[in-house]
Enquirer: 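First, the structure itself, so that you have it in front of you.
Proteins get letters first, then strands, A, B, ... in listed order; numbering begins at 1 in each.
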Amino acid sequence: MLAACLLALLAFQSIADEEIGHKIPPGYVPDDARDEQGLWMEFEEAERKLNQSALLVRDADIVNYIAQITCRVAANYCDDFRVYVVRNPNFNASMTATGMMQVWTGLIVRAQSTDEIATVIAHEIAHYTRLHSLEGFRNLKGKMARGSFFDLTLLALTGVSVPVGQMTAMTSYLSFNRQQETEADLLGVRLLANAGYDPHASYRIWRKIIAEDEAAVAKSEEPGIFSNTHPASEDRANYLETWVMAGFGPPDAEFVPDEAFLAILNKHYLFLMEDQIDTNRFGRTQALLEHHAQIGVEPSLVRYFYGEMFRQRGYEGDAELAIAAYRHSIEGGAAPPEAYKNLGYLQLKAGDMEAARQRFREYLEIAPQASDRAMIEFYLEEEQ
Amino acid sequence: MMNNRNLILLAMLAGIAGCTLPAYSLVSAGPYAIEDLQVQAGGGWNLSPAAFTPSARANAQTWTQDGPLLDRLVFIPGVPDGDALLNVNEQSAALPVFRKDMLPNEIEELMESTIVKVFGEGNAAVSTSNLRPQMFGDTRGVMFDMEAKVTDSPEYRGTVGAFVANEKLYLMYYLAAEPYYYGKHESAAKAVIESARLVAAAPE
């Protein structure tokens with residue numbers, strides 16, 4: 001582990017010593033290289049499909065919020081990018097060589113501020129201006145061709161068919177990819193700072209991802225955030241912090257609530273967290289809720305989802321915790337109608353019919369058009 | 001998870017390997033028993049081979065009219081307390097499980113989260129609506145509707161029927177591509193779901 005960290009730091013240092021800049025000008029289009037043109041055609045086709053995706057978030061305020069951050073970070077490159085916010089509860093963003101950038105909603109629920117969203121976007125923009133998609137494609141193609149030639153030669157000379165060459169090529173490619181990620185981290189931090197965002201956000205967001213991962217119930221087996229193509233989160237947070245501290249000095253001690261970010265989160269919190277709840281990953285959900293309570297998301301909404309998380313998790317004692325959370329949510333004055341309904345269901349289950357009826361009535365008063373009205377009325381009539 | 005891509009891949013691999021693919025079989029119209037769950041089958045339904053639904057519970061059945069990617073009518077009988085609606089042993093899948101004291105809203109959520117896993121986590125946003133009481137024979141249960149927005153796919157709509165008897169969950173759902181296929185078989189599928197009732201299990 002120590003050796004891995006040292007290697008990561010050494011690799012980081014060698015890259016950090018170089019001046020990492022943009023490789024292409026704003027408004028870049030491919031030259032005559034056929035492989036690059038082919039890659040662009042593939043990405044353009046992918047973008048046509050993405051435009052039709054039912055999972056695209058089309059709310060103007062979310063899309064404009066992300067697009068404005070992108071433009072501010074991208075500066076002269078602003079017109080090169082099309083921003084797509086995709087409904088996916090996992091943490092990710094991506095960029096193609098053509099400037100199609102995807103931001104998953106899982107990033108929004110994991111960030112603490114606009115600065116943290118900007119750091120991920122800056123990283124993606126750095127991939128674009130460094131031509132990482134194209135170089136990664138060419139690197140893989142060349143290595144696989146040499147690996148295949150080696151394997152065929154080995155087969156011809158010895159009669160042994162073992163894909164040593166291809167496996168070595170893939171290992172080498174993954175290393176190349178990690179180097180690209182580190183480059184994008186470093187250039188991204190510069191873009192972030194140049195745009196007036198807090199460069200310390202670059203490692204803070206990774207610390208939160210690490211904390212969430214530690215809270216996951218099945219952390220070693222869960223898919224998603226970490227892979228062989230990226231530096232480990234711990235290494236990443238460490239080298240970014242070292243570099244930012246050296247280049248920009250220590251951070252402000254005080255956390256300042258980010259009103260613009262909180263407004264977006266509060267307005268869309270229900271669908272963002274319902275997607276998270278549907279993953280059935282309660283350790284991660286609980287870590288996110290603790291984070292949201294700390295940064296000042298509307299308490300009634302956070303408490304409502306605590307109720308949802310406890311109720312659906314169903315451990316011993318969770319029903320009582322859920323009842324308390326729903327009550328706190330309602331007392332906060334901004335609970336969604338479902339807080340009344342689901343509290344009523346829990347009271348029904350606990351045998352407190354009168355309390356349940358009262359909550360069901362309140363639910364129907366607040367949400368008279370509720371699509372499950374027939375179900376609620378059934379309980380109201382049945383228990384009379 | 002066995003998503004649509006895996007299904008196609010399985011069929012292609014089997015074809016390339018020269019295997020004889022398991023075949024669909026026509027479901028005879030009339031009373032049809034799946035263990036102690038009985039439904040009235042209408043015409044035109046085809047029973048999918050178990051090999052095509054590897055993540056289904058052993059006693060579950062999938063019927064279809066135009067192919068399971070376009071429409072599927074699924075029966076999951078007798079799920080005991082603590083079991084998931086799918087047969088996946090990986091802990092990392094984080095499947096939701098049935099609990100015998102679940103109320104209608106919780107069965108609705110169980111289904112919602114399960115369908116997210118069917119399509120692959122992150123590949124689908126699933127919502128439910130119109131939760132309503134429904135009698136299945138003499139047993140009180142519920143029905144509700146479902147929508148799934150899916151990556152690289154048409155949207156899906158669905159209808160779910162469920163009841164709890166003898167501390168076990170019996171769940172039937174119809175899920176089909178929207179537009180066209182959902183509406184094409186909607187009334188036939190709902191008729192089958194609404195006909196569901198518990199009968200004495202056949203002696204072994």
Enquirer: Looking at L55(A), V86(A), N342(A), which has the largest count of heavy-atom pairs under 4.5 Å with chain B?
Expert: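 Top count of heavy-atom pairs under 4.5 Å with chain B: L55(A).
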Enquirer: Under a 4.0 Å threshold between the charged nitrogen and the carboxylate oxygen, would K190(B) count as salt-bridged to E194(B)?
Expert: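 No, no charged N to carboxylate O under 4.0 Å.
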Enquirer: Side chain, backbone, both or neither: which part of R311(A) has a heavy atom under 4.5 Å from chain B?
Expert: both
Enquirer: Which atoms of E308(A) come close to chain B, meaning under 4.5 Å heavy atom to heavy atom: side chain ones, backbone ones, both, or neither?
Expert: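 Side chain of E308(A) only, per the 4.5 Å heavy-atom cut-off to chain B.
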Enquirer: For the residue pair W63(B) and W45(B), categorise the inter-ring angle as parallel (less than 30°), tilted (30 to 60°) or perpendicular (more than 60°).
Expert: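 Ring orientation of W63(B) relative to W45(B): tilted.
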Enquirer: Given the side-chain rings of F360(A) and Y345(A), with only the six-membered ring counted for Trp, is the space between their centroids under 6.0 Å?
Expert: yes
Enquirer: Within the distance-only criterion (no hydrogens, no angle test), does the side chain of D71(B) pair as donor or acceptor with the backbone N or O of T64(B) below 3.5 angstrom?
Expert: no
Enquirer: With respect to chain B, which residue among S53(A), G106(A), A54(A), A370(A) yields the maximal number of heavy-atom pairs within a distance under 4.5 Å?
Expert: A54(A)
Enquirer: Measure up the F91(A) and W206(A) rings against each other and bin them: parallel (under 30°), tilted (30 to 60°), perpendicular (over 60°).
Expert: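 Aromatic pair F91(A)/W206(A) classed perpendicular.
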Enquirer: Are the side chain of Y363(A) and the backbone N or O of P368(A) linked by a donor-acceptor pair below 3.5 Å?
Expert: no
Enquirer: Using a cut-off of under 4.5 Å for heavy-atom pairs, which of D372(A), N280(A), L346(A) has the most such pairs with chain B?
Expert: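 That would be N280(A).
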Enquirer: Could you have a look at E109(B), E112(B), R132(B), M102(B) and say which one has the most heavy-atom pairs with chain A under 4.5 angstrom?
Expert: E109(B)
Enquirer: Do you know which of A125(B), S127(B), S129(B) has the most heavy-atom pairs with chain A at a distance under 4.5 angstrom?
Expert: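 Most heavy-atom pairs within the cutoff with chain A belong to A125(B).
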Enquirer: If I measure from the heavy atoms of chain A, does R99(B) come under 4.5 Å with its side chain, its backbone, both, or neither?
Expert: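 Contact with chain A is through the side chain of R99(B) alone.
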